[in-house]
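Since the structure comes first, as structure tokens, the remarks are kept for the end.
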Amino acid sequence: MPTKANNSVSTSTHRGRPPIRVMIVEDSQTAQQWLAGLIDADPRLRVVSIVPSGERALAELDRVRPDVISLDIHLPGINGIATTREVMTHRPTPIVVCSASTRSRDSRLSMEALQAGALTVVEKPSGLRRDEMGASLCEQLVRMSDVHLVRRRIGAHTPSPPSREAPLTPAGSPTAIGFVSSTGGPGALARVLGELPGDVPFSILLVQHISPSFFDGFVSWLDGVGPLHAVPARLGDTPRPGHIHVAPPGSHTTLVRGRFAMTPPHPDDLNVPSGAELLSSMARDLGARAMGVVLTGMGDDGAAGLLDIRNAGGFTIAEHESTAVVNGMPRVAIALGAACRVCPVHEIAAELLRVCAEGEVTA
């Protein structure tokens, strides 16, 4: 079995640095060959290792030292989920799951790999859309290679005090909590939402940035992480307590007079659906009865909407950098003064329940 790609290795640079070093973990020799050719054709990337199993990937990780890994979810021996856990334990490296299918079972496995620490999932390039899908894979490998992963120690941490003057007592019990998450989000969501009881008196409204083809699998997986029931948000529906309503792809989901509305995106919109749009609509519709949480993710989505909820008197949380896989979205929210509290992921559920029970935010 080859341990490195074909001879067409690019020597071009990406943003002034050497090509990004890619390890391919794939058991099919045919898939190995065209994945290697596809990736090496991108001047930003260079395949440095091709291995047929998770065991081989772990054995070569320290020697090869890839910047990013393309990982098949179905492998002989230990599967992609177990491989991801081992990589994140022993040598944290950005992983892009390359899935051959978006069917329910495969999507669920991909979501479990994301929960285990993989950063994103893409469809394995094939068929008539092979070029388009191949470009998407290369782009994700480039983007994810910039994520700096470390072994994170979950230890004691005190939530930060409010970062700016704002009402500290919600006017009435919260009726809905809006969540926004992106890269690293599935794992964070599983931790937070899995710790909430099924009989909570509020609904969850969620934007998770994910490939549209994996949306159904994500909702199905999320439905199984805890007692809350996950469903797609649908036009005209009313949010229900104890339910997680997930914003579908293709439009912006907002709350208008207590019901879900769907707004067509603008061509320049970076995030569809937009977490900022959802949270801002909750601030307008619910005022102080809205709560908002911004979790791990690249960029700044959700930050402005979180500020709107806080200015409306609602309670807000941003994930602390000590547990955020990517601290982009939480960092921007904190810089805006949008967070009443800044908490590590393992404290967020308890903080939400405390505020709902006590009806106030203590400084």
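In what follows, residues are counted from 1 in the order of the sequence shown.
For the pair Gln32 (side chain) and Glu26 (backbone), a donor-acceptor distance under 3.5 Å is present. In this structure, Ser49 contributes its side chain and Met23 its backbone to no donor-acceptor pair below 3.5 Å. For the pair Gln140 (side chain) and Val121 (backbone), a donor-acceptor distance under 3.5 Å is absent. In this structure, Arg257 contributes its side chain and Asp285 its backbone to no donor-acceptor pair below 3.5 Å. No donor-acceptor distance shorter than 3.5 angstrom exists from the side chain of Ser274 to the backbone of Asn271, with no hydrogens or angles considered. Within the 3.5 Å criterion, the main-chain N or O of Val64 finds a donor-acceptor partner in the side chain of Arg21. Not a single donor-acceptor pair under 3.5 Å links the side chain of Thr120 to the backbone N or O of Val96. Distance alone, capped at 3.5 Å, places no donor-acceptor pair between the Asp300 side chain and the Ala303 backbone. Remark: side-chain polar atoms of Thr296 are not paired, donor with acceptor, to backbone N or O of Ala324 under 3.5 angstrom. Looking only at distances, a side-chain donor or acceptor of Ser280 sits under 3.5 Å from a matching main-chain atom of Ala276.
Side-chain contact check for His209 and Asp301: at least one donor-acceptor pair (N or O, by modelled atom type) lies under 3.5 Å. No hydrogens or angles considered: a donor-acceptor pair under 3.5 Å links the side chains of Glu123 and Ser213. Checked by atom type, the side-chain pair Asn327/His320 shows no donor-acceptor distance below 3.5 Å.
Using a 4.0 Å cut-off between a side-chain N of Lys or Arg and a carboxylate O of Asp or Glu, Glu60 and Arg56 qualify as a salt bridge. A salt bridge does not link Glu319 with Arg331: none of the charged nitrogens is closer than 4.0 Å to a carboxylate oxygen.
Proximity of Ser203 to Arg240: side-chain heavy atoms (C-beta onward) are nowhere separated by under 4.5 Å. When side chains are defined from C-beta on, Val207 does not count as touching Phe179, because their heavy atoms never get closer than 4.5 Å.
Shown here are the side chain to side chain contact (heavy atoms under 4.5 Å, CB included) partners of Ala230, two or more places apart in sequence or in another chain: Val219, Leu222, Asp223, Ile244. With sequence neighbours excluded, no residue satisfies salt bridge (charged side-chain N to carboxylate O under 4.0 Å, His left out) with Asp199. With sequence neighbours excluded, no residue forms a salt bridge (charged side-chain N to carboxylate O under 4.0 Å, His left out) with Glu86.
Heavy-atom neighbours of Arg143 CZ from other residues, nucleotides or ligands within 6.0 Å: at or below the threshold of 12.
Atoms CZ and CZ, on Arg259 and Arg234 in that order, are 15.0 Å from each other to the nearest 0.5 Å. Taking CG of Leu295 as the start and SG of Cys343 as the end, the distance is 11.0 Å to the nearest 0.5 Å. Note: Thr316 OG1 to Ile309 CD1 = 7.5 Å, rounded to the nearest 0.5 Å. Considering CG of Leu119 and CG of Leu114, their distance stands at 8.5 Å, rounded to 0.5 Å. The CD atom of Glu347 lies 9.0 Å from the OG1 atom of Thr323; values are rounded to the nearest 0.5 Å. Rounding to the nearest 0.5 Å gives a distance of 11.5 Å between CG of Leu206 and CG of Leu228.
Nearest heavy atoms, Pro264 versus His252: O-CD2, 4.3 Å.
Ring geometry, His229 versus His243: the interplanar angle exceeds 60°, so the pair is classed perpendicular (tilted spans 30 to 60°).
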